[in-house]
There are 2 protein chains.
Amino acid sequence: MRNQTNSGLKRSAATLRDVAEMAQVSTSTASRILHGGAIRVSDDTRARVVQAAESLRYRPNTLARSLRTKVTRTVGFLIPDIQNPVYAQMIAGAEEAAQAQGYALLLMNSSSGERRRAFIELLVEDRLDGLIIADATIDDQWIHRLQASGRTFVLVNRRARGNAPYVVLDDQGGSALAIQHLLDLGHRTIAYLAGPPGVETAEQRFEGALKRCQEAGLPLPPTRVASCGFNGEGVAAAVDRFFSETPEITGIATANIVIAFAAVQRLEARGLRIPSDVSVVGFHETPMATYVSPGVTTVEMPLMELGRRAMLNLLDQIAGIPVRNEVITDPKPRIVQRHSTGTPRTS
Amino acid sequence: MRNQTNSGLKRSAATLRDVAEMAQVSTSTASRILHGGAIRVSDDTRARVVQAAESLRYRPNTLARSLRTKVTRTVGFLIPDIQNPVYAQMIAGAEEAAQAQGYALLLMNSSSGERRRAFIELLVEDRLDGLIIADATIDDQWIHRLQASGRTFVLVNRRARGNAPYVVLDDQGGSALAIQHLLDLGHRTIAYLAGPPGVETAEQRFEGALKRCQEAGLPLPPTRVASCGFNGEGVAAAVDRFFSETPEITGIATANIVIAFAAVQRLEARGLRIPSDVSVVGFHETPMATYVSPGVTTVEMPLMELGRRAMLNLLDQIAGIPVRNEVITDPKPRIVQRHSTGTPRTS
DNA sequence: ATGAAAGCGCTAACAT
DNA sequence: ATGTTAGCGCTTTCAT
């Protein structure tokens with residue numbers, strides 16, 4: 001019952017025992033030499049073992065090793081939507097941090113299904129040392145179960161009931177900055193395209209926008225707020241509603257950049273000029289923002305740093321170092337000015 | 001030295017042995033009942049075991065199981081750039097196929113470093129049953145080593161020297177279709193923005209474009225061909241060169257959609273109108289294409305199907321079923337007409 | 001400096 | 001129908 005592939009038979013790989021036999025030592029000695037760093041062995045034995053390992057092309061079986069040591073030096077990153085450029089940046093940051101400490105990073109698409117959920121639970125039970133969860137749509141209850149069973153993980157860009165460790169961005173501050181940008185340009189009748197209800201980042205961003213408006217003595221009434229999907233779903237309808245109810249709107253802030261793209265598109269479809277008729281500001285940065293015409297002004301958030309810090313938090317937990325929840329504020333949110341925002345029309 | 005997290009101590013999980021003891025049976029019996037389907041056990045024992053497992057919240061240790069069985073029911077998908085929407089679609093197709101057969105899919109970012117390369121080799125050695133490699137930048141030599149060591153894998157959208165199994169698209173056909181579209185509109189002076197040199201898909205696409213031009217009796221001279229990155233790098237310079245050398249160009253075909261985005265942007269920056277002055281056609285489809293203004297006409301390729309078939313190929317290999325290399329032609333490439341292409345200017 | 005032996009948690013022949 | 005036993009490949013006391 002050997003595993004037959006079209007490339008021929010799979011020679012079973014050399015084991016530590018093979019190496020030990022060839023080098024005429026015990027497996028323990030071989031293990032020590034191949035694995036450990038500064039143990040005392042005679043130069044002679046060491047040479048023999050190393051040579052045997054090489055000539056047999058020995059690769060340790062990580063499964064066996066992990067079973068024994070309970071350590072995999074591998075962590076997972078759970079994302080809901082690979083297509084979203086936001087995650088790519090976070091992953092880049094996390095990857096760097098993981099690699100620096102000799103950890104490998106595995107990506108998992110959590111999107112669909114109870115079945116995958118179960119797999120992940122198993123995985124994190126013994127095939128991963130820890131998990132970064134960047135999926136705001138996963139229910140609190142699941143998180144809870146994970147924590148109750150003593151698993152090591154960190155939430156990114158979300159919190160959960162209880163005391164689950166998390167690392168988040170200053171979504172409120174970033175969103176306030178978007179509003180401030182419109183304010184600085186002279187806009188007074190502003191609308192806000194919010195993300196999906198019940199998603200924490202979306203709510204934080206709305207909160208930040210709302211507060212900044214209020215501080216400026218400007219209202220942001222329900223007629224000028226609409227929910228839509230982070231993928232741009234529902235934006236067209238929302239824009240239509242805004243302008244049928246409040247044609248005086250001159251500036252629109254959004255909960256994410258794809259929403260901004262969709263808004264620009266819909267506004268143009270309605271015959272409005274950007275930015276001379278209406279200004280639009282996005283949230284998060286992506287190279288795509290330059291291709292949309294006109295280039296979309298956006299709030300750049302420190303997503304790489306978010307990924308990095310999340311990984312650091314996780315690795316600290318794994319190492320038994322106490323961690324604190326964090327709000328990343330360091331590379332501060334900043335406006336990337338392109339051509340979708342300008343002074344309001346004066347009509 | 002217990003693993004101390006900020007959430008408290010990690011209770012070590014219940015093992016099969018715990019369950020067996022509680023149910024007063026041997027571990028083999030417990031294993032059979034919990035794992036297998038149709039083995040014969042008395043209703044009574046079965047009930048006792050199942051109940052014990054439940055009350056102890058028993059979860060099998062997959063590491064131990066895999067060590068024993070040499071099977072992980074997990075496969076990997078190697079991608080060079082998570083940001084590229086092309087992979088998202090392939091992954092969706094692969095995921096579906098994997099799930100249907102009870103396999104889990106792990107994603108790996110292969111981009112950087114020899115170190116990661118080594119990790120992947122180890123991983124595929126015992127933590128994965130197989131690997132889908134969708135990374136055209138990985139060198140043939142590495143592929144070779146993988147194959148020489150008897151690993152199970154399939155290449156996607158690329159081939160390699162030797163007889164490494166692969167699944168590819170009809171890149172030539174798709175690209176020919178792009179040219180045909182321009183031809184049908186009446187374009188006669190066409191330029192081609194090719195992908196990076198040495199990348200097979202890029203070369204196939206160029207080949208297809210070139211052939212279709214030749215068949216139509218039209219030249220596609222070096223002055224109207226330029227290489228650029230799949231991420232749009234070098235496009236601006238290429239467009240500039242095209243129009244300084246051959247201002248008569250009316251249509252541009254591209255090796256991928258991001259290149260098309262960048263081309264549209266540069267053309268507009270040069271004061272050319274799209275499509276009235278110049279038509280641009282992309283390759284591959286993404287929702288982003290609708291946000292770019294004007295919406296970009298593109299050749300939609302069956303990327304999901306590609307992912308699906310690659311996974312099927314891999315799972316067949318794992319099951320010991322002989323596989324054949326494939327060129328996916330079934331959902332045929334098709335033009336998605338938007339607003340970046342039209343009849344050529346008549347000047 | 002090196003080896004013997006135990007065992008991580010599981011499955012599967014081989015009994016009975 | 002159920003139990004006994006061996007062992008996957010590795011690390012790690014504990015001896016010597």
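Just so it is clear, the structure is predicted and the values come from calculations on it, not from any experiment. Proteins come first, then strands; the chains are lettered A, B, ... in the order of their sequence lines, and each starts at number 1.
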> Among the nucleotides D/dG9, C/dA1, D/dC8, which one has an atom lying closest to any side-chain atom of A/L67?
D/dG9
> From C-beta outward on B/R65, which listed nucleotide comes closest to its side chain: C/dG7, D/dT4, C/dT11?
C/dT11
> Between B/S26 and A/T69, name the one whose nearest nucleotide on DNA chain D is closer to the 5' end.
B/S26
> Tell me the interatomic distance from B/H35, atom NE2, to D/dT2, atom P, rounded to whole angstroms.
19 Å
> In whole angstrom, what separates A/L16's CG from D/dG7's C1'?
16 Å
> To the nearest Å, how far apart are B/E21 CD and C/dG9 C1'?
13 Å
> Return the 5'-most residue of the pair A/V25, B/R59 with respect to DNA chain C, ranking by each residue's nearest nucleotide.
A/V25
> Run B/R158 and B/I143 through side chain to side chain contact (heavy atoms under 4.5 Å, CB included) and show every step you take.
CA-CA 11 Å; B/R158 68 166 286 179; B/I143 306 283; 4.1 Å; yes
> Do A/E200 and A/N157 pair up side chain to side chain, a donor and an acceptor below 3.5 Å, judged on atom types alone?
no
> Which of the following nucleotides, D/dA1, D/dG9, C/dC10, is nearest to the side chain of A/R68?
D/dG9
> Give the intermediate values and the outcome of side chain to side chain contact (heavy atoms under 4.5 Å, CB included) for residues B/F77 and B/I91.
CA-CA 8 Å; B/F77 197 127; B/I91 288 165; 4.2 Å; yes
> Quick check: any donor-acceptor pair below 3.5 Å linking the side-chain of A/T45 to the base of C/dA1?
no
> C/dG3 phosphate, OP1 or OP2: any side-chain N/O from A/T29 under 4.0 angstrom?
yes
> Under the 3.5 Å rule, do the base of D/dG3 and the side chain of B/R32 count as making a donor-acceptor pair?
yes
> Return the nearest nucleotide to the side chain of B/V41; candidates are D/dT2, D/dC8, C/dG7.
D/dT2
> Nearest-Å distance, CD (B/E125) to P (D/dG9)?
12 Å
> Rounded off to whole Å, could you give me the CD-to-P distance for the A/Q24 and C/dA4 pair?
13 Å
> Compare the minimum distances between each of D/dT2, C/dC10, D/dG9 and the side chain of B/N61, then state the nucleotide with the smallest one.
C/dC10
> Determine the contact category for A/S31: base if any of its heavy atoms lies under 4.0 Å from a base atom, sugar-phosphate if only primed atoms, P, OP1 or OP2 are that close, otherwise nothing.
base
> Would you kindly check whether a donor in the side chain of A/S28 faces an acceptor in the base of D/dT11, or vice versa, at under 3.5 angstrom?
no
> Side chain of A/A64 only, please: which of C/dT2, C/dT11, D/dG9 is the nearest?
D/dG9
> With a 4.0 Å cutoff (strictly under), does any side-chain N or O of B/T27 reach OP1 or OP2 of C/dG9?
no
> Please tell me whether A/T62 and B/R127 have a donor and an acceptor in their side chains that are separated by less than 3.5 angstrom.
yes
> Starting at NZ of B/K70 and ending at C1' of C/dT11, how long is that distance when rounded to a whole Å?
12 Å
> Classify the side-chain pair B/S42/B/D44 by whether it contains a donor and acceptor separated by less than 3.5 Å.
no
> State whether a side-chain donor-acceptor pair under 3.5 Å links B/N61 with A/E125.
no
> Nearest whole angstrom, please: distance from the P of D/dC8 to the CG of B/L63.
17 Å
> Measure from CG on B/D18 to P on C/dC8 and round the result to the nearest Å.
11 Å
